[in-house]
S.K.: 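Let me give you the structure first, and then I'll get to my questions.
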Amino acid sequence: MKAAVVVFPGSNCDADTLYVLKNLLGIDARYVWHGENCLHENTDLVVLPGGFSHGDYLRTGAMAARAPIMTAVRNHAAYGKPVLGICNGFQILLEAGLLPGAMLPNTSTQFRCEWVHIRVESLETPFSSTCRPEQVLRLPIAHGEGNYVIDHDGLSELQDQERIVYRYTTAEGIDSPDANPNGSMDNIAGICSSDRNVVGMMPHPERASEESLGSQDGLTIWESVLDGMGD
Amino acid sequence: MGISPGWDGRLTNNSEHSLPTDAELREVALTRDEYKRATDLLGRQPNQIELGIIGGMWSEHCGYKHSRPLLKRLPGDGDQVLIGAGEENAGAVDIGDGLAIVMKIESHNHPSAVEPFQGAATGVGGILRDIFTMGARPIALLDSLRFGPLDDQRGRYLANGIVGGVAWYGNCMGIPTVGGEVSINKCYRGNPLVNAMCVGIIEHEKLTSATAKGSGNQLILVGADTGRDGIHGATFASVDDPEASHRGVVQVGNPFMEKLLLEACLEALQTNTVVGLQDLGATGLTSSSVESAGRGGGGVAIQVDKIARRADGMSPYELMLSESQERMLVVAKRGDVSKLQSVFSRWGLHSDVIGEVISTPNLEVLDGDIHVASIPIDMLVNAPTYSFPVERPRYLDETSSFSKDLIPDVVDPTATFLKMLASPNIASRQPIYQQYDHMVGTNTIIAPGGDAALLRVKGTEKAIAVATDGNGRTTFLEPFVGGASAVAEAARNISCTGAVPIALTNCLNFGSPEQPTAYYQLSQAIDGMAAASTALGTPVISGNVSLYNESDGESIWPTPIVGALGILNNLEKRCQIGFACSGDEIAVLGAGTPELDGSEYLSVIHDVVAGIPKLVLSDELALQRLVRELISAQLLASAHDCADGGLAIALAESAFAGGVGVRAESLHTKHRIDEMLFGESQSRIVVSYSSGAGPAVAAAAATAGVPFFQLGNVGGDRLLIGPIDVALTDAESDWTNGLRLALAGNA
Amino acid sequence: MTCKLYKARIVIQLNEGVNDPQGLTVRDSLHELGFAQVRNVRIGKMITVEVAATNTDEARGFVTAMCSDLLANPVIESFEIETLELVSEEVETSP
Amino acid sequence: MTCKLYKARIVIQLNEGVNDPQGLTVRDSLHELGFAQVRNVRIGKMITVEVAATNTDEARGFVTAMCSDLLANPVIESFEIETLELVSEEVETSP
Ligand SMILES: Nc1ncnc2c1ncn2[C@@H]1O[C@H](COP(=O)(O)OP(=O)(O)O)[C@@H](O)[C@H]1O
Ligand SMILES: [Mg+2]
């Protein structure tokens with residue numbers, strides 16, 4: 001399997017993501033520069049990592065979403081191949097229109113870095129297929145704008161098509177308002193495209209893939225995609 | 001570009017000057033005597049640009065004119081020291097495996113008092129540049145903060161702004177902020193302290209020097225365009241229009257550009273075309289070019305007309321002294337400039353060749369073909385130094401005659417305990433550090449909230465521990481002990497993770513050195529730091545000095561801050577602060593009678609700042625060795641330094657971290673209850689261990705000659721500490737919300 | 001007591017000469033998107049505030065005070081109350 | 001070819017109905033500061049752009065395109081070009 005980690009100016013979880021893919025999972029993972037026009041040949045997986053692309057100026061993800069590489073990412077997605085946007089990567093996918101909705105500042109209007117729990121709501125994506133139904137994962141978040149919004153019809157569509165992939169919950173798996181760290185609608189922590197191959201999520205699975213970092217729950221997300229590739 | 005062939009060290013238009021007025025000298029922060037000295041050294045009168053340059057280089061910030069003689073007292077040698085204090089932008093120590101840690105702490109107090117968010121942000125930006133200037137990749141930030149009371153609007157504005165600024169810059173850069181400290185007292189009301197520390201990692205052979213050498217090598221300025229940011233007192237800067245007053249503007253940081261600079265500089269260093277790398281900090285291009293030339297032994301010629309600028313009509317004076325952020329000076333091998341520039345432009349950074357290294361040991365400044373300044377490097381890098389008379393402050397007579405007999409003992413220990421837990425100096429720091437990305441980089445093994453942060457070193461079995469510490473109140477009451485205990489506490493925090501403290505950095509935040517009493521505090525605190533550093537075997541490899549911290553004529557408490565680095569050879573043999581298992585035994589290791597002197601308890605509960613804090617360095621050393629030995633033998637389940645708030649607070653913190661109660665109800669004392677619960681003697685660590693390990697722990701303590709008192713057990717859902725009896729969750733909620741509510745103005 | 005409701009539009013901008021990293025980054029991005037015509041971009045805030053007051057002068061007084069006390073940071077920014085208009089003749093006095 | 005320099009003021013605001021966390025936070029802070037009169041606060045952006053163009057229509061065309069291509073996110077925001085004025089009769093064409 002071949003994975004591409006896209007590097008935008010201001011990406012800062014690119015190295016962490018590559019480390020997990022390459023060093024922990026043994027995947028042939030490489031960086032791709034935002035200014036490139038194409039991905040490496042035979043790329044299976046594209047990951048848009050976290051960070052502050054273009055300083056998060058104007059709107060998070062806005063400028064990165066218009067980078068040359070995004071045309072290739074769009075094509076990759078159109079072929080039904082998996083694309084994962086983590087944190088800023090999720091914001092970029094929204095700005096690029098690859099996922100519906102938009103991100104607003106957290107209701108606290110502060111950056112929050114802490115451990116949260118998310119419940120896996122759909123197993124029908126490349127990034128959740130090996131999870132147990134309603135499995136609760138413990139992952140870190142680190143963002144100032146994770147307050148997901150979408151209009152009423154859009155939300156119904158996400159709900160009806162079971163495209164909400166992860167919701168913030170308590171450790172016991174209850175999606176109460178207290179468990180929501182940023183005010184996002186319907187406790188949404190991650191969603192997928194209508195073709196289900198493009199997933200955006202705010203929590204950082206790459207920060208929870210080793211026991212010494214406090215959790216290995218992120219591995220299930222990576223293992224899902226490996227499993228889907230038949231690797 | 002080349003320097004105009006005609007220059008010969010003689011200045012254009014340098015004929016008739018009148019003597020500068022007192023006001024003009026004040027603008028450049030020079031005394032009349034210093035002006036005379038400059039004239040003598042130059043052999044002529046300096047012109048206005050030169051005066052600005054000399055004033056900048058001879059300022060306390062660049063020249064350490066008031067502190068240099070004192071700093072010499074700090075021990076700087078050690079087997080592991082690769083780059084010591086004063087040599088480069090930051091110090092470096094060997095951590096084995098061919099790796100080095102580069103570190104430094106720096107203040108940004110005054111800018112933060114003016115504009116808290118940007119002041120703090122640019123403080124973080126500055127210390128990051130000091131680290132990657134050395135070629136190292138920054139891996140951690142720490143911030144040591146001092147605020148005024150949060151019960152007034154301005155205090156909250158400053159505190160929230162400062163925290164927000166630290167968060168913004170570090171988060172955007174993707175460098176985890178893994179530690180630091182926050183303390184609140186009214187002495188910091190008008191003059192908050194913002195000290196930022198950065199730690200970087202690098203392979204030894206890649207350490208880069210900030211040296212400009214090799215005549216003909218070229219100077220590239222890369223990064224932000226130059227504006228009028230942070231220029232002070234440029235009222236007579238414009239040669240054309242001496243009346244024009246181009247006041248400097250507050251610096252606004254751009255962490256995004258700094259991130260690009262970081263990546264671009266580290267990539268540029270791989271190309272083997274870089275002779276030296278130097279960030280632009282205080283006095284901008286002036287100090288960066290002069291100091292680089294000073295290290296190289298030659299000179300530099302700067303062509304100011306080549307500098308890209310953000311504002312119209314900037315004078316050479318402004319261009320030389322602008323403190324615009326996010327700029328680096330790269331000394332490139334002649335002929336390799338275009339290779340480097342292509343790296344920078346790939347990262348979207350603008351760069352220009354603005355000068356070159358010359359063999360004459362001078363700073364030559366040219367504006368087109370006008371030669372506007374010519375000053376020997378030697379005189380610029382050797383600021384005059386001063387020592388001042390010292391005088392023991394009179395308040396010490398009063399504070400040292402404190403007697404605890406004047407204070408009634410606690411009546412309701414549980415209520416007092418809860419009040420202590422909720423007080424902003426003791427309550428959980430999470431409302432602050434949850435705004436900092438402390439996990440990016442995926443090295444953070446022990447996150448903020450413990451004693452020291454622990455970061456693994458990928459590719460090895462090692463980890464490094466980092467912590468900052470300092471206690472203004474202790475230093476106010478007994479400056480020598482304040483300096484020494486800052487070192488002891490920082491090192492103790494490191495030891496509590498199992499790591500061995502190996503090096504220190506420090507930031508000296510004091511009042512005006514011209515006040516004999518403040519100079520006494522500075523001198524004593526440095527002596528204390530020196531004594532403790534020597535005793536604990538931790539050389540001081542870098543630091544920074546911030547003087548004149550005062551507002552409305554009142555000086556801050558003298559506040560030396562120490563940043564410590566430790567190394568843990570086997571990451572698996574680490575320890576943390578949380579109680580782990582019901583049934584484990586709890587004990588306190590270390591010194592005897594806890595004392596109320598200078599304690600948080602006296603201040604919070606009785607509004608008294610008095611007493612004589614004490615520290616016995618031999619006890620401290622024995623204690624730290626013991627705790628590391630116990631951790632290394634894997635006998636301990638937890639270890640937590642007993643600091644602000646004393647034993648009761650330390651026990652509570654370990655209980656909160658572990659999510660389990662404490663049964664130490666049989667704890668009693670022959671002395672006062674408040675002393676036992678809240679007294680703060682140095683050199684104590686609360687540990688827990690399985691009951692099976694008890695005899696071994698006791699025996700090791702006996703062998704080490706360290707006092708050992710068993711306190712009780714881990715377990716239950718209450719905190720039972722002597723007479724204190726409260727549900728764990730109730731206590732925890734007071735502790736969790738104390739600072740949160742205070743910062744939100746709801747305390 | 002009844003009050004009227006006013007709506008103010010306040011523009012807050014960085015002072016001349018103050019670095020505007022956001023504006024610079026957006027400018028560069030516009031260039032990359034092919035908008036070579038762009039020379040300069042500055043980004044400020046447009047704040048709309050509704051306040052209850054008995055008359056226009058009082059409303060203006062409130063808004064000015066809010067700007068100096070919180071909305072603008074005088075060290076780097078300046079504010080301007082662009083418009084102040086009556087939106088409703090009667091409102092409850094308690095928020 | 002010589003061009004003229006135009007300056008546009010663009011206001012970008014969150015659409016009606018979209019939650020404005022910053023506006024709410026500012027409103028709460030204003031209340032806390034004693035500005036009980038404040039009912040509602042919304043925070044938008046005021047972007048000033050200088051563009052080179054041969055005439056006003058062309059300039060307006062550029063600015064509109066920039067807004068739709070980057071400056072505003074149609075999912076949550078709307079933009080308005082408030083003013084467009086000539087600042088200088090002649091500019092270099094290359095940025
Ligand atoms: N208190 C101190 N203790 C030890 N070294 C210090 C101290 N203050 C400054 N130094 C050293 O002096 C040198 C210059 O410091 P500084 O002027 O702060 O650097 P920069 O110009 O990079 O800001 C550095 O090597 C620094 O580590
Ligand atoms: Mg430096």
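All figures in this text were calculated on a predicted structure; none of them were measured in a lab. Residue numbers start from 1 in every chain, and the chains themselves are labelled A, B, ... in the order their sequence lines are given, proteins ahead of strands.
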S.K.: List the atom of Thr109(A), the atom of Pro21(D), and the distance in Å for their closest heavy-atom pair.
M.R.: CG2-O, 3.6 Å

S.K.: Once you round to the nearest 0.5 Å, how far does OG1 of Thr107(A) lie from CD of Gln22(D)?
M.R.: 12.0 Å

S.K.: Is Asn19(D) in contact with chain A via its backbone, its side chain, both, or neither, using a 4.5 Å heavy-atom distance?
M.R.: both

S.K.: Please report the C-alpha distance between Val75(D) and Val149(A) in whole Å, then the side-chain angles of each, then the deciding distance to 0.1 Å, and finally whether the side-chain contact (heavy atoms from CB on, under 4.5 Å) criterion is met.
M.R.: CA-CA 9 Å; Val75(D) 177; Val149(A) 290; over 6 Å; no

S.K.: Residue by residue, scan residues 150-181 of chain A and write down, ordered by number, those that have a heavy-atom distance under 4.5 Å to chain D; if none do, write 'none'.
M.R.: none

S.K.: Check whether more than 12 heavy atoms from other residues, nucleotides or ligands sit under 6.0 Å from atom NZ of Lys45(D), and answer yes or no.
M.R.: yes

S.K.: What parts of residues 57-71 of chain A touch chain D if we use heavy atoms and a cut-off under 4.5 Å?
M.R.: Leu58(A), Arg59(A), Ala62(A), Met63(A), Arg66(A)

S.K.: Identify which of Leu70(D), Leu24(D), Ile12(D) forms the greatest number of heavy-atom pairs closer than 4.5 Å to chain A.
M.R.: Leu70(D)

